[in-house]
Amino acid sequence: MSEAIKQPVSPEGIIQMQGVNKWYGQFHVLKDINLNVKQGERIVLCGPSGSGKSTTIRCLNRLEEHQQGRIIVDGVELTNDLKQIEAIRREVGMVFQHFNLFPHLTILQNCTLAPMWVRKMPKRKAEEIAMHYLERVRIPEQAHKYPGQLSGGQQQRVAIARALCMKPKIMLFDEPTSALDPEMVKEVLDTMIGLAEDGMTMLCVTHEMGFARTVANRVIFMDKGEIVEQAPPNDFFDNPQSDRTKLFLSQILH
Amino acid sequence: MTTHTFKPDMPPPRKSVGAVAWMRANLFSNWLNTLLTLFAIYLVWLIVPPLLSWTIFDANWVGTTRADCTKEGACWVFIQQRFGQFMYGFYPSELRWRVDVTVWLAIIGVAPLFINKFPRKAFYGIGFLIIYPLVAFWLLHGGLGLENVATSKWGGLMLTLVIATVGIAGALPLGIVLALGRRSNMPAIRVVCVTFIEFWRGVPLITVLFMSSVMLPLFLPEGMSFDKLLRALIGVILFQSAYVAEVVRGGLQAIPKGQYEAAAAMGLGYWRSMGLVILPQALKMVIPGIVNTFIALFKDTSLVIIIGLFDLLNSVKQAAADPAWLGMATEGYVFAALVFWIFCFGMSRYSMHLERKLDTGHKR
């Protein structure tokens with residue numbers, strides 16, 4: 001089979017969404033989404049539940065299929081072609097709300113699985129890289145335990161390390177702290193801040209507005225499947241333009 | 001600032017101890033329980049002593065003919081004398097060592113897989129699974145320098161084990177493929193798998209065996225025939241794979257959607273997602289169900305009598321019909337039951353061991 005068709009990454013950005021529409025049956029979840037993300041940019045998506053923010057980032061690695069419009073990630077257009085999809089998934093790491101670690105594998109095996117089977121890396125090399133990232137998320141001592149033996153915060157840090165082991169160019173975070181006990185939120189956010197400082201391109205769906213303020217280059221507010229407003233965090237929080245944004249901010253910032 | 005000191009752990013409260021206290025709590029706690037206990041003791045007294053005297057104390061253990069069975073109890077001489085038939089059927093006596101070698105090879109070959117530290121286990125296991133069936137077939141059936149033994153002469157426990165192991169080894173992979181197919185996104189594959197499963201689950205095994213031996217030859221061209229045992233084996237595999245498929249599908253459905261998504265998001269394709277992430281978890285979850293199916297399969301092997309094959313149970317039946325051993329049916333059936341029980345209980349214990357061994361404590 002042929003390799004994925006790759007075009008040079010456009011100066012517009014490493015991620016381009018052009019006029020993306022999506023429906024669940026009759027329900028129009030994404031309405032004409034246009035979004036360009038430059039390399040190294042850190043984007044926070046927020047909005048009320050059901051606004052389509054998770055769906056948006058899940059379209060970027062084809063966990064959800066869009067029905068209209070174009071999505072180009074790292075120069076590869078997402079089509080029904082499995083080669084294209086897999087080429088994109090290799091370059092895009094994802095962290096989920098419920099961690100989704102593989103419970104039958106140890107922490108180390110969780111981290112080496114994709115590098116060994118997708119990148120065809122030899123086991124020793126994959127383990128070296130895995131230990132490097134586990135050290136970065138500060139839990140190398142847990143490498144030989146199973147996910148079920150770790151706390152929620154630790155599991156989510158492993159999930160971040162697991163995604164990093166593929167050396168992705170883009171990281172997607174889908175409400176990474178929403179399922180955590182309050183006392184564990186900080187350790188995960190700290191890990192993400194460290195990642196941001198290294199220049200990773202990040203798209204993060206979160207309700208952690210403090211994190212958005214310190215880390216994001218741009219905050220995107222979505223409601224009812226549309227991008228309502230986007231702005232750098234200071235403008236967004238201190239001077240929101242639309243009524244809908246003001247209402248949302250007043251509700252979550254108390 | 002005050003420092004909080006935690007209270008020390010206390011031992012849990014202790015209830016009454018000792019045998020008398022235990023009996024008072026569990027057997028004689030009120031008048032109804034006392035009555036039930038006494039009734040149970042009466043039942044045990046009624047059943048156990050006669051059973052023991054029949055099977056052991058009053059039983060006949062030595063001799064060569066029916067006339068040697070002079071005592072009241074069971075005549076185990078019958079089992080002793082016909083043991084060869086029960087184990088090998090009509091397999092020629094001078095060639096029975098080949099069956100023994102096949103069994104020993106299986107035991108020796110499988111043993112390393114139970115040693116935790118054995119290197120390259122997966123590699124060895126796959127090699128064993130490829131080579132052993134060929135060797136076993138050669139030893140049992142003959143050819144290449146060994147005298148041929150037609151499958152119509154196979155019988156007894158040996159035949160039971162052949163049908164059960166081939167049935168299990170064939171039905172498990174086929175069942176897994178069918179289960180995956182039934183959940184496939186491709187409509188054509190899904191329809192084929194659903195039809196297959198529902199067809200084979202809808203017909204009784206007896207019908208399958210009967211059709212394979214009576215009806216199938218009618219549809220084959222003149223002069224073409226293939227082995228009766230082979231037809232029965234194929235029938236058993238197809239039949240049981242439908243059951244295995246449904247058990248495995250239960251496991252696949254129990255895996256949270258997030259696992260599929262996480263595997264997909266990493267770039268693992270369909271087969272690697274299934275093989276590395278989903279199936280290891282799903283199969284582990286359905287071990288009890290799969291073993292249940294296999295135990296049923298093991299016992300269903302006796303149905304091959306319908307096509308004139310003599311497994312353990314049918315060999316016993318046949319031997320009991322011998323005029324020289326009239327009236328020995330009870331001993332024969334007790335023996336057959338014991339052998340079946342040993343194998344089925346073994347499978348059950350092994351599945352429990354496997355569940356414990358594979359448990360990684362991820363109950364959510």
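Here is how names work: the chains are called A, B, and so on, in the same order as the sequence lines, proteins then strands, and each is numbered from 1.
Only the side chain of A:R58 comes within less than 4.5 Å of a heavy atom in chain B; its backbone stays farther off. Only the side chain of A:F96 comes within contact range of chain B, with heavy atoms under 4.5 Å apart. Only the backbone of A:V92 comes within less than 4.5 Å of a heavy atom in chain B; its side chain stays farther off. With a 4.5 angstrom heavy-atom cutoff, A:N110 touches chain B only via backbone atoms.
Checked by atom type and distance alone, the side chain of B:K121 pairs as donor or acceptor with a backbone atom of B:I115 at under 3.5 Å.
For CG of B:N185, the number of neighbouring non-hydrogen atoms (other residues, nucleotides, ligands) closer than 6.0 Å is 12 at most.
Under the side chain to side chain contact (heavy atoms under 4.5 Å, CB included) test applied with A:S54, the options A:L45, A:V29, A:D174 reduce to a single match, A:D174. Only one option out of A:L195, A:T206, A:L203 pairs with A:F173 in a side chain to side chain contact (heavy atoms under 4.5 Å, CB included); it is A:L195.
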